[in-house]
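Here's the structure we're looking at; comments come further down.
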Amino acid sequence: MKTLLLSLFTAALITSTATAQTESYSNCRNGAYALSDGSQLVISPSQDNDLRYRRLDGTTGRLFLQADSSYLSGPGWANAKDPNVFAHFGGCANGSLVFKQDGKTSTGKRIPFPVIPMHIPVKGASVYGELYLPVNHKPRAVVILHDGSGGSSAVYNNYKQYILPLGDIAVFVYDKRGTGRSTGQLSANFELLAADMVAVVKAVKAQAAVKGLPTGLMGESQGGWVVPLTATLTPVDFVVASYSLLIAPKEENRQEVLHDLKNGHYSDEDIAKAMQVVAATDQVFRTGFSGGFAELDALKAKYKQEPWFASLQGDYTGPILNLSRAQLDSLKQTFPTDIQLDYDPLPPFRRVNVPMLWVIAGKDTEAPNAGTIAALKDATATRKNIDVVIFPNADHGIIDVRDSPDGPVLLRQSAGYFDLLRDWILTRQIKKRYGDGLSITNYELRITN
């Protein structure tokens, strides 16, 4: 969620290139592949024209496009040096893949999941989504995905719709209003997004292929604010929230700034000054970038030479400080200024009475988790149908990281994460340990020892 303003501002600037973007939605290389060695892997988009492969154990890497249309990848999250993975895709018609990793070559074919495209009317718009079904047999459950923040197409960019059907779970992934092939204006109003999701739930439940199945919601990142609220508005059987928060968006921004300042070893006095600036950016945000600048400009003039001032980032404080007034004026024409900074996610969370799974990234730099873990600890003391798994070495996205002098180094998806999602969705229980995932109690013991 960090740098949300900048990412959406960039997205707004490139909306005029919609033709090229629309063409990219039809990338036939996306999907799950069955390899000749008996394993499976998933291909999804990465940055630029590159791709990403993911194995079910969490091993992953960015596949860098080469001049001959092949791809290569080195060890780690996104490394082209010392490549140990080489991939070559056949044409769209045959869906073939040659995949060489660590000297071992396998051939593969794209798995032909049955896919049902759907256009669903919502208030003032229509959302587009696709229902992915397991091959050759009836699914045992269905999950409706709500993507996180940002203006990109979830249908095109997500990958859970390829992984979960391998475990007998149908998945409906959809573009939020104003993104991808959905219509309407991009919004970050949680009530509106939840109302959209209610319509989606009803439409998906009516599909013959999944009618009568256990139906649940999964929200990733910002989606974790939406799915509990949705679950209070329409009947569902379970809820999954992954690397999400149970604090207000305003507090998320404040905690992100605070995290960076503490890592910079600034004094309490400096941090108190910085929080004045953060509060001023709150007001600018609340007005939709139309007011609050007099106070902000005064604080910038007062503190801009302070060593800590350049460290101010967060979800929106840094962008507001760094974008020009003209850029902010342009931004408010396309950015969803209906975000509720003071939205309290705890009341709807507490009203959810179906089983919930919360997956937390222990080293999350984009969704500070201390307040969320505290709320979950309180809830699990009296509720037996809430499960919590914390991957202690994971950053946002449940991506394992290694600390370095230059900051966290991304490594791979946390081992056990995909197995956890599959098993819990099918059983709504945790009966074993997944990778290095920990309960709240064991996580607290770990960080205090």
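What you see is a predicted model, and the numbers here were worked out from it, not measured in a lab.
Atom CG of Asn442 sits in a crowded spot, with more than 12 heavy atoms from other residues, nucleotides or ligands closer than 6.0 Å. Heavy atoms of other residues, nucleotides or ligands lying less than 6.0 angstrom from CD of Gln276 number more than 12.
For the pair Arg110 (side chain) and Cys28 (backbone), a donor-acceptor distance under 3.5 Å is present. A donor-acceptor pair under 3.5 Å is formed between the side chain of Lys176 and the backbone N or O of Gly150. Although no hydrogens or angles enter the test, the distance criterion places a donor-acceptor pair under 3.5 Å between the side chain of Arg433 and the main chain of Gly437. Formation of a donor-acceptor pair under 3.5 Å by the Asp270 side chain with backbone atoms of Tyr266 is not found in this model. Using modelled atom types, no side-chain atom of Ser182 and backbone atom of Gly178 make a donor-acceptor pair closer than 3.5 Å. Judged by distance alone, the side chain of Ser73 and the main-chain N or O of Val85 form no donor-acceptor pair under 3.5 Å. Side-chain atoms of Thr287 come within 3.5 Å of backbone N or O of Val284 as a donor-acceptor pair. Within the 3.5 Å criterion, the main-chain N or O of Ala170 finds no donor-acceptor partner in the side chain of Gln161. Using a distance-only test at 3.5 Å, with no hydrogens or angles considered, a donor-acceptor pair links the side chain of Ser244 to the main chain of Ser221. With hydrogens and angles ignored, the 3.5 Å screen pairs no side-chain donor or acceptor of Asp50 with any backbone N or O of Arg62.
Side chains of Asp37 and Ser39: a donor on one and an acceptor on the other come within 3.5 Å. Side-chain atoms of Asn30 and Ser44 form no donor-acceptor pair, as typed in the model, at a separation below 3.5 Å. With 3.5 Å as the limit, one finds a donor-acceptor pair spanning the side chains of Gln101 and Arg55. Under 3.5 Å, the side chains of Asp57 and Thr59 contain a donor-acceptor pair of N or O atoms. A donor-acceptor contact under 3.5 angstrom links the side chains of Asp175 and Ser153, judged on distance only. Side-chain contact, Tyr33 with Gln40: no donor N or O sits under 3.5 Å from an acceptor N or O. Between Thr365 and His396, the side chains place no donor N or O within less than 3.5 Å of an acceptor N or O (distance only, hydrogens not considered). A donor-acceptor contact closer than 3.5 angstrom links the side chains of Tyr417 and Ser242.
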Item to complete: Determine, step by step, whether Val227 and Val352 satisfy the side-chain contact (heavy atoms from CB on, under 4.5 Å) criterion, reporting the C-alpha distance in whole Å, the side-chain angles of both residues, the deciding distance to 0.1 Å, and the verdict.
Response: CA-CA 10 Å; Val227 294; Val352 176; over 6 Å; no
Item to complete: Mind running ring pair (Phe, Tyr, Trp, His ring centres under 6.0 Å) on Tyr434 and Phe391 for me, showing each step along the way?
Response: CA-CA 9 Å; Tyr434 293 89; Phe391 286 95; 8.2 Å; no
Fill in: side chain to side chain donor-acceptor pair (under 3.5 Å) between Gln255 and Asn369, worked out
CA-CA 9 Å; Gln255 289 292 334; Asn369 58 34; over 6 Å; no
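Contact of the Val143 side chain with the Ile425 side chain is registered, since non-hydrogen atoms from C-beta on lie closer than 4.5 Å. Within the 4.5 Å cutoff, the side chain of Leu51 has no heavy atoms near those of the Leu65 side chain. Within the 4.5 Å cutoff, the side chain of Leu63 has no heavy atoms near those of the Arg52 side chain. Within the 4.5 Å cutoff, the side chain of Val240 has no heavy atoms near those of the Leu217 side chain. Pro355 places none of its side-chain heavy atoms less than 4.5 Å from the side chain of Gln429. Counting only heavy atoms from C-beta outward, the side chains of Val354 and Val239 approach each other to under 4.5 Å. Under the 4.5 Å side-chain criterion, counting only non-hydrogen atoms from C-beta, Ile320 is in contact with Leu296. Annotation: side chain of Thr179 is not in contact with side chain of Ser152 (no heavy-atom distance under 4.5 Å).
The list of ring-ring contact (aromatic ring centres under 6.0 Å, His included) pairs with a residue in residues 346-368, not counting sequence neighbours, reads Phe349-Trp358. Legend: side chain to side chain donor-acceptor pair (under 3.5 Å) pairs involving residues 118-133, not counting sequence neighbours, sorted by first then second residue: Tyr128-Glu130, Glu130-Tyr132. Among pairs with a residue in residues 437-449, those fulfilling salt bridge (Lys or Arg N to Asp or Glu O under 4.0 Å) read Lys377-Glu444, at least two apart in sequence or across chains. The salt bridge (Lys or Arg N to Asp or Glu O under 4.0 Å) contacts involving residues 378-403 comprise Lys363-Asp403, where partners must be two or more places apart or lie in separate chains. Sorted by first then second residue, the salt bridge (Lys or Arg N to Asp or Glu O under 4.0 Å) pairs that include residues 338-347, not counting sequence neighbours, are Lys250-Asp342, Arg286-Asp342. Sorted by first and then second residue, the pairs that involve residues 134-147 and meet side chain to side chain donor-acceptor pair (under 3.5 Å), not counting sequence neighbours, are His137-Asp168.
In this structure, Arg54 forms a cation-pi arrangement with Tyr159, its terminal cationic atom sitting closer than 6.0 Å to the ring centre and no more than 45° off the ring axis.
Closest heavy-atom contact between Lys432 and Ile430: O-CG2, 3.4 Å. Taking every heavy atom of both residues into account, Pro348 and Tyr343 meet most closely at CG-OH, 3.4 Å. Of all the heavy atoms in Leu229 and Arg351, the pair that sits closest is CD1-NH2, 4.4 Å. The two residues Leu192 and Ser187 have their closest heavy-atom pair at CD2-OG, 3.6 Å. Closest approach of Thr60 to Gln413, counting heavy atoms only: CG2-N, 3.8 Å. Nearest heavy atoms, Asp315 versus Asn253: N-OD1, 2.9 Å.
Under the side-chain contact (heavy atoms from CB on, under 4.5 Å) test applied with Ile360, the options Ile373, Val389, Leu245, Ile440 reduce to a single match, Ile373.
Residues Tyr162 and Phe113 place their aromatic rings such that the two centres sit no closer than 6.0 Å.
For Ala415, the side chain to side chain contact (heavy atoms under 4.5 Å, CB included) criterion is met by Arg412, not counting sequence neighbours. Under the rule for a side chain to side chain donor-acceptor pair (under 3.5 Å), Arg428 has no partner lying at least two apart in sequence or in another chain. Taking the side chain to side chain contact (heavy atoms under 4.5 Å, CB included) definition, one finds that Ala125 meets it with Val122, Arg177, Thr183, sequence neighbours left out. Take Lys211 and apply the side chain to side chain contact (heavy atoms under 4.5 Å, CB included) test, not counting sequence neighbours, and it matches no residue. Taking the side chain to side chain contact (heavy atoms under 4.5 Å, CB included) definition, one finds that Lys109 meets it with Asn94, Ser96, sequence neighbours left out. Every residue two or more places apart in sequence or in another chain that forms a ring pair (Phe, Tyr, Trp, His ring centres under 6.0 Å) with Tyr53 is listed here: Phe99.
Using bins of under 30°, 30° to 60° and over 60° for the plane-to-plane angle, the ring pair Tyr316/Phe285 lands in the tilted bin. The aromatic rings of Phe190 and Trp225 sit tilted, their planes meeting at an angle between 30° and 60°.
Atom NZ of residue Lys160 and atom CD1 of residue Ile169 lie 12.5 Å apart, to the nearest 0.5 angstrom.
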